S.K.: 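One structure, as structure tokens, below. Some questions next.
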Number of protein chains: 2
Amino acid sequence: MLKLSKMTDYAVVILAEMASLDGQLLTAGALAQHTKVPEPTVSKILKLLVKQNLVASTRGSNGGYTLSKSPNDINMAHVIMATDGPVTLTACVESSGQHCDLSDNCNVKGKWNPVNQAMQNALENVSLQQMIGGRA
Amino acid sequence: MLKLSKMTDYAVVILAEMASLDGQLLTAGALAQHTKVPEPTVSKILKLLVKQNLVASTRGSNGGYTLSKSPNDINMAHVIMATDGPVTLTACVESSGQHCDLSDNCNVKGKWNPVNQAMQNALENVSLQQMIGGRA
DNA sequence: TCAATTAGTACCGTTTTAGTACTGATTAAA
DNA sequence: TTTAATCAGTACTAAAACGGTACTAATTGA
């Protein structure tokens with residue numbers, strides 16, 4: 001259906017909440033309350049975001065999470081990468097690492113690459129700032 | 001993972017084959033042989049394409065399938081619509097018809113619509129002709 | 001030492017997807 | 001008019017992906 005996973009959907013909601021309370025260190029529990037997303041899920045998503053360096057974590061008592069960069073510098077392609085992995089429309093896309101069974105006699109070999117790139121670009125051009133309503 | 005289904009992938013390969021033998025009436029069996037896609041699957045996909053009026057069918061003995069319009073007039077958005085349904089990145093997208101649990105307190109409500117539209121446009125701008133290597 | 005908090009991993013149930021099978025309808029030709 | 005070829009439609013099954021949860025380990029402030 002060409003849709004994003006719920007994980008990505010939630011991730012953006014969570015990031016938007018963090019952006020709107022910029023600078024504050026927020027626990028997974030607090031973010032769950034604010035966004036109504038179940039806490040274990042919030043927790044899981046935050047871990048993914050930390051791995052991609054979109055969010056910075058502080059461990060231990062009084063720990064929590066905060067954005068690791070400005071909302072203008074976080075784009076949707078990056079968020080999707082964190083939660084869903086790389087954008088690879090088809091198995092034939094070069095970057096997919098997958099093997100296409102038809103490859104030898106495939107009449108559209110390589111043709112998906114530019115389409116994939118167009119998608120990627122479209123997503124890179126949408127910042128978290130825009131998702132929370134800002135103009136920049 | 002933001003990927004297309006195999007059905008869409010196959011559909012494009014099948015359509016490309018039809019385009020390259022333009023005007024010929026081809027049976028599901030023949031297309032299966034040419035593309036190496038299993039025949040029952042080819043058959044299923046062709047039915048979906050007929051419903052979306054991308055392909056015209058002729059029933060009965062000596063029947064078969066042919067493109068119902070020029071490869072320049074068939075775009076990837078339309079093919080995806082046929083095999084995967086409409087492009088709706090998230091449940092929140094207006095056209096999705098789905099309900100979003102978070103909607104009332106969602107801080108990114110409505111913000112996905114333009115992103116979704118950008119995707120749709122990117123796919124509409126890729127014709128079947130381009131997928132088989134043509135410039136137009 | 002204790003409590004709060006994140007990190008990491010593993011698991012399970014549900015949903016989606018891919019693929020197949022079967023029956024019915026249509027048509028050309030013998 | 002009968003037969004064979006072919007598409008139309010539906011229903012079913014097995015496998016994979018996804019969402020969600022649980023549990024244990026590591027870290028840190030008090």
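Note on naming: letters A, B, ... go to the chains in the order of the sequence lines (proteins, then strands), and numbering restarts at 1 for each one. Computed from a predicted model, the values in this text were never measured in an experiment.
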S.K.: Does B:Asn53 offer a backbone N or O that forms a donor-acceptor pair with the side chain of B:Ser68 under 3.5 Å?
M.R.: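 Here the side-chain-to-backbone pair exists.
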
S.K.: Rounded to the nearest angstrom, tell me the gap between atom CG in A:Leu31 and atom P in C:dA4.
M.R.: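 After rounding, the gap between these two atoms is 19 Å.
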
S.K.: Using the rule given for side-chain contact (heavy atoms from CB on, under 4.5 Å), can you reason through A:Ile45 versus A:Thr8, listing the C-alpha separation, both sets of side-chain angles and the distance that settles it, and then say yes or no?
M.R.: CA-CA 9 Å; A:Ile45 290 169; A:Thr8 299; over 6 Å; no

S.K.: Quick one: NZ on A:Lys44 to CE on A:Met7, what's the gap to the nearest 0.5 Å?
M.R.: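 With rounding to 0.5 Å, NZ (A:Lys44) is 5.0 Å from CE (A:Met7).
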
S.K.: Between B:Met1 (CE) and D:dA16 (C1'), how many Å, whole number?
M.R.: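 Value for this atom pair: 11 Å.
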
S.K.: Which whole-number value in Å describes the distance from B:Leu25 CG to C:dT27 P?
M.R.: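 Nearest whole value for this atom pair: 13 Å.
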
S.K.: Look at the side-chain N and O atoms of A:Tyr10 and state whether any lies under 4.0 Å from the OP1 or OP2 oxygen of D:dG19.
M.R.: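 A:Tyr10 to D:dG19 OP1/OP2: no side-chain N or O under 4.0 Å.
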
S.K.: I need the NZ-C1' distance between B:Lys6 and C:dT16, as an integer number of Å.
M.R.: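 Going from NZ in B:Lys6 over to C1' in C:dT16 covers 14 Å.
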
S.K.: Please give me the minimum heavy-atom distance between B:Pro38 and B:Ala32, naming the atom from each residue.
M.R.: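 Heavy atoms only, the tightest pair is C-CB, 4.4 Å.
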
S.K.: Does B:Thr27 place a side-chain N or O at less than 4.0 Å from the phosphate oxygens OP1/OP2 of D:dC7?
M.R.: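 No.
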
S.K.: How far does OG1 of B:Thr88 sit from NZ of A:Lys3, to the nearest 0.5 angstrom?
M.R.: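 With rounding to 0.5 Å, OG1 (B:Thr88) is 7.0 Å from NZ (A:Lys3).
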
S.K.: Within a strict 4.5 Å, meaning less than it, do heavy atoms of the A:Leu21 and A:His34 side chains meet?
M.R.: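 In short, these two side chains touch, coming nearer than 4.5 Å.
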
S.K.: Nearest of C:dG19, D:dG19, C:dT20 to any side-chain atom of B:Pro38?
M.R.: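 My answer, after comparing the listed nucleotides, is C:dT20.
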
S.K.: Check whether any side-chain heavy atom of B:Asn113 lies under 4.5 Å from a side-chain heavy atom of B:Gln117, and answer yes or no.
M.R.: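 A side-chain contact is absent here, since even the closest heavy-atom pair is not under 4.5 Å.
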
S.K.: Rounded off to whole Å, could you give me the CG-to-P distance for the A:Leu26 and C:dT5 pair?
M.R.: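 It is 12 Å, rounded to the nearest whole Å.
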
S.K.: Between C1' on C:dT15 and CE on A:Met7, what's the gap in Å once rounded to a whole number?
M.R.: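 Answer to the nearest Å: 14 Å.
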
S.K.: Say you draw a straight line from CG of A:Leu15 to NE2 of A:His78; how long is it, rounded to the nearest 0.5 Å?
M.R.: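 Rounded to the nearest 0.5 Å, the CG-NE2 separation comes to 10.5 Å.
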
S.K.: Any chance you could measure A:Trp112, atom CH2, to A:Leu89, atom CG, to the nearest 0.5 Å?
M.R.: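 That separation rounds to 6.5 Å.
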
S.K.: Which residues within residues 39-56 of chain B lie with some heavy atom under 4.0 Å of an atom in DNA chain D?
M.R.: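 Residues of residues 39-56 of chain B under 4.0 Å from DNA chain D: B:Lys47.
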
S.K.: For residues 58-66 of chain B, which residues have at least one heavy atom under 4.0 Å from DNA chain D?
M.R.: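 Residues of residues 58-66 of chain B that come under 4.0 Å of DNA chain D are, in numerical order, B:Thr58, B:Arg59, B:Gly60, B:Ser61, B:Asn62, B:Gly63, B:Gly64, B:Tyr65.
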
S.K.: Can you measure A:Met18 atom CE to C:dT6 atom P for me and round it to whole angstrom units?
M.R.: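 Atom CE in A:Met18 sits about 10 Å away from atom P in C:dT6.
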
